[in-house]
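Below you'll find the structure, written out as structure tokens, and then a few comments.
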Amino acid sequence: MNTVDLAATGVRELNRRLRHASDDPSALSWLVTNPKGAHAIAAGLTRPVRIQIDGHVGYYCAGMNQAAAVTIDGHCGTGVAENIMSGLVRVRGNASQSAGASGHGGLLVIEGNAGPRCGISMKGVDIVVGGKAGHMSGFMAQSGNLVVCGDAGHDLGDSVYEAVIYVGGSPASLGADCVEKDMTPKHRSRLRGLLSRAGIEIDPERFRRFGSARKLYHFHVDHADAY
Amino acid sequence: MCGIVGLFLKNPALRGSLGGHFATMLTSMGERGPDSAGIAVYQAEPRGRASRVTAFHPDAGFSWESVAAELSRRLTVEVGVEVKADHAVLEADHDVSGVTRGLTDLDKDIRIVGYGKSLAVFKDKGSVAEIVARYGVADMAGSHAVGHTRMATESDVTTGHSHPFIADDDVCLVHNGSLSNHNRLRGWLIRQGMRFETDNDTEVAARYVAYRLQQGSSLKEALEAGLRDLDGFFTFAIGTRTGFAVLRDGFACKPAVLAETGDWVAMASEFRSLAELPGVERADIWEPEPEVVYDWTLGDGA
């Protein structure tokens, strides 16, 4: 286990070390202490490192993540795991707005609540929120799965493309062109798999599914396979 | 962008250290607002004196002592003065309007920065670290304070356009965001008898809250009315003599984080600002919900 105290070592130096971690198993496990809300901690990683961050972080933590597994033992500011490509980002506390924004792949787990615009413009990432999610979550979400175990705020899935949204509680309101859809056995099975990967125990039977009505003027059904 | 912070002490035993904690909080928000910074601090009310007024004069070396002496002669009351850089805090056993009018009659370049019974206000251009040092913020005692670091977007960078905006006795407001209907609302408030000092959008929000309070609303009611009447992006932190409140607009795109322990409530644009507060590791920490008024009132021992 490599320990980096951010009170003594700056974020740039931490991220440099993480990006250059060797394949030696001893170089792949990291503990970060004293984050104190700093921005861009563990951003831009491309190595299969495992990182535990002990405390609250600022903006864009684990942004653009590839391959790494990042656990934040605290709350997150704006844009945790924004543009995540692969790997796993787990938040033990709450996440602020735009969690997982434009994410292309991998899994983001928020064990607490997510703020507004969770999964905005997501492009293939899977996001599981253990608590509730704020307004306009799944806005223009193009691909991937957004799972909200609690309630969702207003305008859920506004202008959603082909992403699939599961809600265990109830949405305050649905956004433009977002509609409730049948929960088929196939979707139930996919949801069970997502919850299992996220390590969140909740009965999949209580969830409802939401997605695009494909009625907005810019939506061309011939392109649905592109997502 | 801008940074805003607020610290409200529930435990009176901590009042001596308000400025120390607040200086750290505000300085850490310097990157969000490099143009100017300001603080409003609620201090113990002056003994036997009815008003406390903070004033500004642009000339270095301006003689506040002679101004205080002349004001004392004209008002026939004792006037206390404490000078901090180009600001002075004056205390007089006289009503606020008499003191402020007396000051501006004595020198046309004197500008009133803050007024009331407990409020002292300091705002200046430049980096927050320099401003915090120049005004000795770390040594200030009090029950609560709000502050601002400004990245100017919609009006000029001057001390006058710096936050906090004081809109009535001991009523102040700081703002991260921008209002889109401030011209219309300013006109309406002027017709209700409110007076304005700048063309700044935040001053409109401050005067609006002051107007509602004058009409008998509670702070919570004033802000709930503001949700209907103010159009734009905002996170506000508001101070009154005995209260502190936080409000975000429905979009909630301007950041805010709240933390609370048995001893204090703190608000900031980012968690970084709260990271050094005593006991923060055990605090309740949450992001204020859009369109929900969060407010606190000093207890009876205040």
Side-chain angles (χ1 to χ4, degrees), chain A residues 5-7 10-11 33-41 53-61 72-80 91-99 101 110 112-118 120 129 131-137 139 150-155 158 172-173 175, chain B residues 1-5 7 21 24-34 149 151 176-177 227 233-235 246-261 266-292 294:
Chain A
D5 180 357
L6 276 183
V11 172
T33 59
N34 283 315
K36 297 197 174 192
H39 296 176
I41 295 174
I53 303 170
D54 218 356
H56 310 308
V57 299
Y59 292 8
Y60 310 125
C61 183
I72 299 129
D73 207 353
H75 304 310
C76 293
T78 294
V80 62
V91 182
R92 298 253 189 240
N94 303 325
S96 182
Q97 63 177 330
S98 307
I110 298 160
N113 299 322
R117 296 171 279 273
C118 180
I120 180 172
V129 180
K132 56 187 183 175
H135 63 268
M136 294 212 90
S137 288
F139 178 51
D151 296 333
H154 281 289
D155 298 319
D158 192 290
S173 65
Chain B
M1 191 151 62
C2 299
I4 59 177
V5 298
L7 179 60
H21 297 308
T24 304
M25 291 176 69
L26 189 65
T27 304
S28 73
M29 290 293 95
E31 290 165 17
R32 296 188 63 92
T149 58
M151 182 178 284
N176 176 200
L227 285 169
F233 299 120
F234 52 84
T235 295
V246 172
L247 178 66
R248 302 175 84 195
D249 71 274
F251 283 99
C253 61
K254 295 301 178 185
V257 56
L258 272 164
E260 183 168 14
T261 70
M267 175 279 164
S269 297
E270 299 178 29
F271 176 76
R272 287 191 285 167
S273 177
L274 313 178
E276 305 297 338
L277 284 168
V280 72
E281 59 283 352
R282 295 182 306 279
D284 290 331
I285 297 172
W286 75 99
E287 183 166 317
E289 298 271 343
E291 299 190 322
V292 173
Y294 296 85

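Since we're looking at a predicted model, the values are computed, not measured.
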Worksheet item: So with a 6.0 Å cut-off around OH of A:Tyr60, is the heavy-atom count from everything else above 12?
Response: no
Fill in: chain B contact via A:Ser96 - side chain, backbone, both or neither, heavy atoms under 4.5 Å
both
Worksheet item: Within a strict 4.5 Å, meaning less than it, do heavy atoms of the B:Pro255 and A:Tyr59 side chains meet?
Response: yes
Worksheet, complete the sentence: In short, B:Glu287 meets A:Pro116 closest at the heavy-atom pair OE2-CD, 3.8 Å
Worksheet item: Are any of the side-chain nitrogens in B:Glu270 or A:Lys36 under 4.0 Å away from the carboxylate oxygens of its partner?
Response: no
Worksheet item: What do you reckon, is NZ of A:Lys132 surrounded by more than 12 foreign heavy atoms closer than 6.0 Å?
Response: no
Worksheet, complete the sentence: Heaviest contributor of heavy-atom pairs below 4.5 Å to chain B, chosen from A:Gly55, A:Gly37, A:Gly74, is A:Gly37
Worksheet entry | Stepwise side-chain contact (heavy atoms from CB on, under 4.5 Å) check, A:His56 with B:Ile285 | CA-CA 10 Å; A:His56 310 308; B:Ile285 297 172; 3.3 Å; yes
Discussion item. Within this structure, what is the CE-CZ distance for the pair A:Met136 and B:Phe251, rounded to the nearest 0.5 Å?
Written reply: 7.5 Å
Fill in: A:His154, part contacting chain B, at a heavy-atom distance under 4.5 Å
neither
Worksheet item: Which atoms of B:Glu281 come close to chain A, meaning under 4.5 Å heavy atom to heavy atom: side chain ones, backbone ones, both, or neither?
Response: neither
Worksheet entry | Closest non-hydrogen atom pair between B:Gly250 and A:His135, with its separation | O-CE1, 3.2 Å
